[in-house]
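Index from 1, following the sequence.
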Amino acid sequence: MAGTQMSLTTAPQGLLPSRMALWGMLLGLLMVSCFTFCRSHQNLKEFALTNPEKSTTKETERKTKAKEELDTEVLEVFHPTHEWQALQPGQAVPAGSHVRLNLQTGAREVKLQYGDKIQNNLKESKKGKRLDINTNAYTSQDLKSALAKLKKGAEMESSEEDQMDNAQDLLSFGGLQVVINALNSTEPLVKEYAAFVLGAAFSSNPKVQVEAIEGGALQKLLIILATKQPLATKKKVLFALCSLLRHFPYAQQQFLKLGGLQVLRTLVQEKGTEVLAVRVVTLLYDLITEKMFAEEEAELTRETSPEKLQQYRQVHLLPGLREQGWCAITASLLALPEHDAREKVLQTLGALLATCQDHYRQDTQLSRMLASLQAEYQALAALELQDGEEEGYFQELLGSIDSLLQGLR
């Protein structure tokens with residue numbers, strides 16, 4: 001990516017870099033989506049790519065043409081030249097073209113990349129021949145395979161910048177809604193792959209988060225978590241939910257309105273979901289402190305009404321946690337044996353202390369658990385000091401326990 005523009009070259013046959021494989025699979029997903037729509041209409045027997053008519057310069061004619069294309073389920077094959085040209089919605093890009101997203105105008109632009117080789121690839125489409133797609137060739141297995149490769153591509157991204165670029169590309173090419181719709185699949189593995197791809201796309205990407213909320217992603221994620229699903233599927237769906245909610249107060253508002261706390265409460269109380277319970281309390285801690293930091297920052301800068309701060313003030317998370325019994329639920333998770341799990345539970349208990357203080361003071365089981373853990377970590381912290389570690393891991397855990405006990409006195 002250079003300057004204010006983001007570039008991507010669609011790979012010719014034989015090249016399999018992660019981002020190129022992602023685009024190939026995205027095209028497959030789009031074709032599967034079209035196939036599903038076509039099968040629902042008995043009069044449509046095939047899906048075709050046809051040669052485009054010449055575009056007009058008038059906006060009204062352009063809109064009319066776009067509507068006709070959607071109505072007839074016909075996509076245009078774009079014919080690139082050696083100059084950058086804007087790509088219109090519904091136009092298909094030939095393999096080997098050079099595609100970029102202009103971040104100043106928001107338009108996708110295309111040009112030739114490989115000269116005569118591209119011209120040879122375009123011969124058939126320039127003749128105006130129909131490129132028929134065999135509707136029997138795309139099954140749920142194809143969707144599963146495509147999502148698996150998208151997931152692999154997301155896992156291979158080397159930096160956060162690469163992930164953000166791919167998320168923007170996914171959005172600009174209309175692939176985001178295809179992946180969101182894959183959450184409706186009856187196959188758990190398809191849901192799992194789709195959720196992972198969405199989680200990677202949502203991360204630190206406000207524009208994609210907004211589009212996902214408008215596309216119904218939040219409702220679909222909560223439904224999966226509230227129904228019987230394999231643990232592996234719920235892990236990825238919870239990952240996607242966390243990515244969607246973090247740093248997005250509007251999504252947090254909708255989460256509370258849709259009963260998200262009730263869904264998570266049921267999830268953590270299910271047998272065998274301890275690993276999910278730890279991730280849930282970590283999410284709650286992040287959301288609590290996120291709002292707190294936003295308010296503190298606004299106070300320091302004396303900004304009393306920025307839009308995002310106003311949105312955070314409409315997220316009534318702490319009262320909801322108290323009403324839904326999360327004071328007791330979080331405290332009970334201290335019984336988990338792993339140190340890492342205890343660390344996350346302790347930090348969440350600390351964030352909830354002001355809200356749940358009365359409950360904690362009356363919870364004799366919590367008092368006994370904290371006293372037991374205090375003794376355990378005093379011994380482990382002493383061993384760290386003997387080894388010369390002045391700020392060891394167990395000393396930090398001991399400090400968290402001491403702070404909680406102090407706050408409960």
Practice task
Using atom types as modelled and distance alone, determine if a side-chain donor or acceptor of S185 lies under 3.5 Å from a backbone N or O of A182.
Solution key: no

Exercise for the section: For Y393, look at atom OH and say whether over 12 heavy atoms of other residues, nucleotides or ligands are found less than 6.0 Å away. Expected result: yes

Handout entry: Steps toward side chain to side chain contact (heavy atoms under 4.5 Å, CB included) verdict (T330, V345)
Key = CA-CA 7 Å; T330 307; V345 174; 4.2 Å; yes

Exercise for the section: For the pair F394 and Y377, name the ring-plane relationship: parallel under 30°, tilted 30 to 60°, perpendicular over 60°. Expected result: parallel

Practice task
Check whether any side-chain N or O of Q357 sits under 3.5 Å from a backbone N or O of G407 as a donor-acceptor pair, and report yes or no.
Solution key: yes

Handout entry: Heavy-atom side-chain contact between I223 and V263 under 4.5 Å
Key = no

Problem - Non-hydrogen side-chain atoms of L287 and V315 separated by less than 4.5 Å - result: no

Problem - Candidate pair L318 and I288, rule side chain to side chain contact (heavy atoms under 4.5 Å, CB included), full reasoning - result: CA-CA 7 Å; L318 288 173; I288 294 169; 3.9 Å; yes

Problem - Spacing of CD belonging to Q374 relative to CG belonging to L397, to within rounding of 0.5 Å - result: 12.5 Å

Exercise for the section: Dump the intermediate steps for salt bridge (charged side-chain N to carboxylate O under 4.0 Å, His left out) on K291 and E296, then the final yes or no. Expected result: CA-CA 9 Å; K291 179 180 179 180; E296 289 179 354; over 6 Å; no

Handout entry: Separation between CG of L176 and CD of E214, rounded to the nearest 0.5 Å
Key = 10.5 Å

Problem - Distance-only side-chain donor-acceptor flag, Q252 / E290, under 3.5 Å - result: yes

Exercise for the section: Determine the sole option in D363, D402, L346 for which the side-chain contact (heavy atoms from CB on, under 4.5 Å) test with L370 is passed. Expected result: L346

Handout entry: K234 side-chain N/O to L225 backbone N/O, donor-acceptor pair under 3.5 Å
Key = yes

Practice task
Taking the side chain as every heavy atom from C-beta outward, state whether L261 and L256 have any atom pair closer than 4.5 Å.
Solution key: yes

Practice task
Give the minimum heavy-atom separation between Q395 and A381, together with the two atoms involved.
Solution key: CG-CB, 3.6 Å

Exercise for the section: Would you kindly say whether N181 and Q177 are connected by a side-chain donor-acceptor distance under 3.5 Å? Expected result: yes

Practice task
Please confirm whether the backbone N or O of Q229 pairs with a side-chain atom of T233, one donor and one acceptor, at under 3.5 Å?
Solution key: no

Practice task
Please report the C-alpha distance between E376 and R342 in whole Å, then the side-chain angles of each, then the deciding distance to 0.1 Å, and finally whether the salt bridge (charged side-chain N to carboxylate O under 4.0 Å, His left out) criterion is met.
Solution key: CA-CA 12 Å; E376 178 181 347; R342 293 173 179 175; 3.1 Å; yes

Exercise for the section: Let me see the working for L264 and L276 under side chain to side chain contact (heavy atoms under 4.5 Å, CB included), right down to the final yes or no. Expected result: CA-CA 9 Å; L264 295 184; L276 298 182; over 6 Å; no

Practice task
Any chance you could measure Q347, atom CD, to T289, atom OG1, to the nearest 0.5 Å?
Solution key: 8.0 Å

Practice task
Determine whether F255 and L241 make a side-chain contact, defined as any pair of heavy atoms from C-beta on separated by less than 4.5 Å.
Solution key: yes

Exercise for the section: Report yes or no: do Q365 and S367 form a side-chain donor-acceptor pair below 3.5 Å? Expected result: no

Exercise for the section: Could you grab the distance from atom CD1 of I401 to atom CG of L373, nearest 0.5 Å is fine? Expected result: 5.0 Å

Handout entry: Main-chain N/O of G199 paired to S243 side chain as donor or acceptor, under 3.5 Å
Key = yes

Exercise for the section: Could you please spell out the steps behind the side chain to side chain contact (heavy atoms under 4.5 Å, CB included) verdict for V237 and L198? Expected result: CA-CA 9 Å; V237 170; L198 290 173; over 6 Å; no

Practice task
Can you measure from CD1 (I213) to CD (E211) and round to the nearest 0.5 angstrom?
Solution key: 11.0 Å

Exercise for the section: Write down the atom of C327, the atom of H359, and the distance for their closest heavy-atom approach. Expected result: CB-CD2, 3.7 Å

Handout entry: Set of residues satisfying ring-ring contact (aromatic ring centres under 6.0 Å, His included) with respect to F239, sequence neighbours excluded
Key = F196

Completion exercise
Residues passing the salt bridge (charged side-chain N to carboxylate O under 4.0 Å, His left out) test with R279, sequence neighbours excluded, are none

Handout entry: Short side-chain to backbone donor-acceptor contact, S332 and I329, under 3.5 Å
Key = yes

Exercise for the section: State, with a plain yes or no, whether a side-chain heavy atom of T348 is found less than 4.5 Å away from one of L283. Expected result: no

Practice task
Work out which heavy atom in A331 is nearest to a heavy atom in L366; give both atom names and the distance.
Solution key: CB-CD1, 4.0 Å

Problem - Rounded distance (nearest 0.5 Å) linking atom CG of L218 with atom CD of Q209 - result: 11.5 Å

Problem - Side-chain heavy-atom pair V268, W326 within 4.5 angstrom cut-off - result: yes

